[in-house]
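Counting starts at 1 for both ligands and their atoms, following the listed order. One is the number of the first residue; the rest follow in order along the sequence.
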Amino acid sequence: MNFKLVYSSVILAFLYLATSYIYVHQLYSSLTNQKFKEISHEMKTNVETLIHEKQEAITLVSLALATSENIQHVLLKKHENNFDYSSLSLKLKQETSLKSIWFQILDAKGNSFYRSWTDKTGDSLLDARIDVAQMIKNPHVISGISAGKFDITFKSMVPIYDNNNFLGVIETIAKFDSVATKMKKRDVETLIIVNDKYKDQLTEVEKKRFVENYYIANQEPNKELLGMLKSARVKDYINIEGLIVDKEKNIILTVYELKDMNNEVMAHLLMSKKLSNIDMRQIELSVEKIITVLAIVFVILVLLVYYFYTRNYKKFIQKQNEKLEESVNVKTKELQRLANYDALTGLPNRLLFLDRLKQHLKHATRDEESVSILFLDLDRFKEVNDTYGHNMGDALLKHVAVRLIDSVRDEDTISRLGGDEFTIILHNTDNEDMIKVANKIQRKMQEKFVIDGIELSTTFSIGISVFPKDGITSELLIRNADTAMYKAKEAGKNGYQFYNSQMTELAFARIELEKSISDALKLKQFKPYFQVKVDAQDKSVVGFEALIRWIHPTKGIIPPDDFIPFAEEIGIIVDINKFMMQESMIIFKRFKAKGLKCGMLSVNVSSEQLGDYSYVEDVEECLKNTGFDAKDLDIEILEGQNIENKNRVAEILRSLKGLGTTMSIDDFGTGYSSLTYLKKLPIDNLKIDRSFVRDIPKNKDDMSLVQTIIALARSLHLKVIAEGVETKEQAEFLKKSGCNVLQGYYFSRPIPEHECEIYLKAKS
Ligand SMILES: Nc1nc2c(ncn2[C@@H]2O[C@@H]3COP(=O)(O)O[C@H]4[C@@H](O)[C@H](n5cnc6c(=O)[nH]c(N)nc65)O[C@@H]4COP(=O)(O)O[C@H]3[C@H]2O)c(=O)[nH]1
C-alpha cells in the first residue's frame with residue numbers, strides 16, 4: 001500500500017487548513033480594520049457635515065435678516081426697541097434643527113445695538129472682539145466657531161447695507177453641542193473638548209465642566225467618555241491618530257479637530273461608537289464566502305486525493321492479489337507435489353498412482369489395449385527395520401526406488417503405495433514383456449545394497465494383474481495383483497505370480513481366517529494343551545510343552561499347523577503367544593498350588609518375535625502378572641527361525657536368559673545352524689526333530705545321525721531332548737544313545753488342563 005501518499009495527503013491537508021485559518025483570520029482583521037477606518041471616517045465626515053450645515057444655516061439666517069428692511073430702517077433711524085426676535089427663535093426652534101439661537105445687531109461703529117438674550121446694549125465690541133473690529137474695518141460675511149465667555153458657539157456675521165451705505169452687522173449665534181446631540185442619533189457619542197488655551201477666556205463657565213484645563217462643551221456629556229478622559233490624560237485622547245478600538249469597552253474612538261475662524265484648532269470632538277452597533281454582517285458574509293470557497297476547494301482536494309488514493313489502492317490491491325495468487329500457485333504446486341508424491345522416495349504415491357491407473361484404463365478401454373499392474377512387496381523388509389532401525393529401512397527404500405526406476409521405461413509409472421509396497425503400471429505389454437520386467441527387477445535386486453557401510457540384501461515378491469482379463473476397475477486390478485503377490489510370497493518369495501481366479505477364493509479365505517483368528521483370541525477359543533517331557537532314565541515328569549489348540553465352536557479342535565503359519569504371516573501370532581504363555585503359567589501355578597509336580601513349562605516362540613525386544617517385555621509381563629518363576633520357564637526356538645539374524649537374536653536370548661529362563665533349540669536338524677554359532681548362544685537344550693526319530697529303529701542312517709547329534713550336543717554341554725517318541729524301542733534306543741529327555745505319543749499326547757491334572761495326580 002502507498003503509505004507515502006497517505007502521509008503526504010494528511011500533511012498537505014493540515015498545511016491547507018492551517019494556511020486557510022491564518023488567511024481567514026488575517027482577512028477578517030483586515031476587513032474589520034478597514035470597516036473601523038470607514039466608521040471613523042464616517043463619524044468625522046458626519047460631524048463635519050453637521051458643523052457645515054449648522055454654519056450655513058445660521059449664515060443663511062443672518063443673510064436673510066441683513067436684507068430685512070425693518071433692520072435697515074431701525075439702524076438708520078436708531079429705533080432699537082422695534083426689534084424682537086424671540087418669535088423668530090421660537091419658529092426656528094419649532095420648524096428647523098436650530099434649537100438654540102441668539103441674535104445681536106451691531107451698528108456701523110461696532111457698538112451693540114440689540115441683543116436677543118439681554119437688554120444690555122450700547123457697549124462697544126471693537127476692543128473686546130477682533131472679529132468685530134475686522135468686520136467694521138472691512139464689512140464681509142464671517143462665519144465660524146468661536147469661544148466666548150460662556151461657551152463655544154457657531155457665529156455668523158453679515159454686514160447690513162442700505163444701498164451701499166454700511167449700516168451695521170447682524171450676528172447670529174447658535175449652541176455648538178447640538179452637533180453632539182445629532183451625532184448621538186447616529187449612535188455616535190461626541191465629547192467636545194475645548195483646547196486649554198481658552199480656559200481663561202471662558203470666564204463664565206462652571207469649574208466642574210473642566211477636565212484638566214480643557215472645557216467640555218457638551219451640556220450633558222457622555223459619562224463613559226468623560227470617565228475615560230478623566231481616568232487618563234486628556235492629551236492621550238485628543239492626540240489619537242486615526243482611531244482606537246477598545247474591545248473591552250466595546251467602542252471605537254476617533255477624534256475630529258474643530259478649527260476656529262482663523263483656521264486654528266480650537267477644540268477636539270472625541271467620538272465613540274459601540275462596536276456592537278457596527279454592522280459587521282457584510283464582513284462576516286464575505287468571510288463566510290471565503291470560508292465556503294476554501295471548504296469547497298478543500299473538499300475538491302480531498303476528493304482528488306481520495307480518487308488518486310483509491311486508484312492507487314486498487315493498483316496496490318491488484319498487485320497484492322497477483323502476489324497472493326503467485327504464492328498460492330506455488331503453495332498449490334507444493335501441496336500437489338506433497339499430495340501426489342511420496343516424500344521419501346520422490347515416486348508418485350497411491351493417489352497419483354490411482355489417478356494415472358484410471359487414465360491408463362480409460363485410454364486402454366478406448367483403444368482396446370491392455371494395462372498391467374505389477375504389485376511389488378519387499379521380502380523381509382521388517383527384519384531390516386527391526387535389526388538396523390527405521391532410518392536404515394528408509395534408506396533402503398530410497399535405494400530400492402532407484403533400482404526400480406532403472407528397471408523400467410520412462411513412460412511406465414512406478415509408485416510407492418506405502419511401507420515396502422510398490423507398483424508399476426505397464427502399458428500394452430504381453431506376458432513375455434511382463435516376465436522380462438519382473439526378471440529385470442529381480443536381477444537388479446541381486447546386487448547387495450551398501451548403506452552406511454552395511455551390506456543389505458532384499459528381494460521382491462511380485463504379483464501381476466492385467467486389464468481387462470483380471471478386472472476392469474482399478475480397485476479390482478490392484479486387489480488381484482496384491483493377491484498374486486501374496487501367492488508369490490507363499491511360493492517362497494523373490495518371485496512373481498500372474499493372477500488367476502483361484503487366487504481370489506484363496507484371498508477371501510485368508511480374509512475370513514484373519515477375522516476368525518482375531519475373534520478366537522478375543523473369545524478365548526485358544527487353549528493350551530500340554531505334552532509331557534520325561535526323564536529318559538527313570539521316566540519321571542521333567543516338564544510339559546504347551547501346544548496350542550483352537551477349540552472352534554463348529555469345526556471342533558483345529559491343530560496349530562492350520563493357523564499358526566498364517567497367524568505368523570499377519571502378525572497376530574505375537575498376541576496369541578503372549579496369551580498362550582500367560583494362560584499356561586496360570587494353569588501351572590494352579591497345578592503347583594495343588595501340590596502337583598509339573599516341572600518345567602516349555603512355550604513356543606515365533607520367528608516374528610525373536611527379532612523384537614518387546615518379546616522380552618512380554619515374557620517379563622507374563623511372569624509378573626502370574627507370579628510364575630522364570631526358572632521353570634523354557635522357551636523353544638525353532639532352529640530355522642531367525643537364527644541368521646544373529647546379533648539381534650543373541651541379544652534377545654541373552655535378555656531372556658537374564659530373566660532366569662532356559663532356552664531350547666526346537667526341531668534341531670531341520671535347519672542349517674552351524675554348531676559353532678549355536679555355541680555362542682545361551683542355549684540349554686537341543687530338541688532332535690521328530691523326523692529323525694520316526695523311522696528308528698528301521699532307518700539305520702537316522703539312528704547314526706541321532707547319535708551324532710547327541711554326541712555334538714554333549715560336546716557343547718547341551719541337554720538333548722528327543723521328540724516324536726512313539727515306541728518303546730525308540731525310547732530305549734534314545735536312552736541308550738545318551739538322550740536326556742523324551743517327548744512323544746509313547747508317553748502322552750498333548751492333553752488339556754483337566755486331563756493333565758489327572759495325569760500328574762496319577763504320577764505323584
Ligand atoms: N506324529 C507325532 N507327533 C508328535 C509326537 N509327539 C509330539 N508330536 C507333535 O509334534 C509337535 C511338537 O511341537 P513343535 O515341534 O513345537 O511344533 C509345533 C509348534 O511349532 C507349533 N505350535 C504349537 N503350539 C504353538 C504355540 O503355542 N505357539 C507357536 N508359535 N507355535 C506353536 O505347532 C507345531 C505343531 O504342533 P502340534 O500339532 O501340537 O504338534 C506337536 C506335537 O503334537 C509323536 O510321537 N508323534
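When the heavy atoms of Pro560, Ala567, Pro528, Ala546 are ranked by distance to atom 38 (O) of ligand 1, first place goes to Pro560. Nearest to atom 6 (N) of ligand 1 by heavy-atom distance, out of Glu723, Gln609, Gln531, is Gln531. With Val693, Ile573, Ile548 as candidates, the residue nearest to atom 26 (C) of ligand 1 on a non-hydrogen basis is Ile548.
Annotation: cation-pi pair Arg403/Phe460 absent, no NZ/CZ under 6.0 Å from the ring centroid and within 45° of its normal.
Within the listing of ligand 1, atoms 27 (O) sit less than 4.0 angstrom from a heavy atom of Met580. Listed by atom number, the atoms of ligand 1 under 4.0 Å from Asp561 heavy atoms are 33 (O), 34 (C), 35 (C). Close approach of ligand 1 to Glu726 is summarised as follows: ligand atoms under 4.0 Å from at least one heavy atom of the residue are 1 (N), 2 (C), 44 (C), 45 (O), 46 (N). Ligand 1 places these atoms under 4.0 Å from at least one heavy atom of Asp666: 14 (P), 15 (O), 16 (O). With ligand atoms numbered from 1 in the order given, ligand 1 contributes 30 (N) to contacts under 4.0 Å with heavy atoms of Ser606. Interface of Pro750 with ligand 1, defined as ligand atoms under 4.0 Å from a residue heavy atom, comprises 43 (O).
Side-chain contact between Val603 and Ile635 is present, with at least one heavy-atom pair separated by less than 4.5 Å. The shortest distance between side-chain heavy atoms of Leu610 and Leu653 falls below 4.5 Å. Counting only heavy atoms from C-beta outward, the side chains of Asp618 and Gln582 never approach each other to under 4.5 Å.
For the pair Ile710 and Ser737, the tightest heavy-atom approach, listed with the atom from each and the gap, is CG2-O, 3.3 Å.
Residue contacts with ligand 1: Glu545 is included, with a non-hydrogen atom under 4.0 Å away. Using a 4.0 Å cutoff on heavy atoms, Arg549 counts as a contact of ligand 1. Ligand 1 lies nowhere less than 4.0 angstrom from a heavy atom belonging to Pro559.
Taking 4.0 Å as the cut-off between side-chain N and carboxylate O, Lys398 and Asp394 do not count as a salt-bridged pair.
Note on residues 518-575: pairs passing ring-ring contact (aromatic ring centres under 6.0 Å, His included), not counting sequence neighbours, are Phe526-Trp550, Phe526-Phe563, Phe530-Phe588, Trp550-His552, Trp550-Phe563. For the ring-ring contact (aromatic ring centres under 6.0 Å, His included) condition, no pair includes a residue of residues 723-751, sequence neighbours left out.
Contact annotation: for Arg690 versus ligand 1, heavy atoms closer than 4.0 Å belong to the side chain alone. Proximity of Arg749 to ligand 1, defined as any heavy-atom pair under 4.0 Å, is not found for any part of the residue. The backbone of Val725, and not its side chain, has at least one atom closer than 4.0 Å to an atom of ligand 1 (non-hydrogen atoms only; backbone = N, CA, C, O).
The side-chain hydrogen bond (donor to acceptor under 3.5 Å, both in side chains) with Asp684 is formed by just one residue from the set Lys719, Lys657, His717; it is Lys657.
There is a side-chain donor-acceptor pair under 3.5 Å between Asp379 and Ser461.
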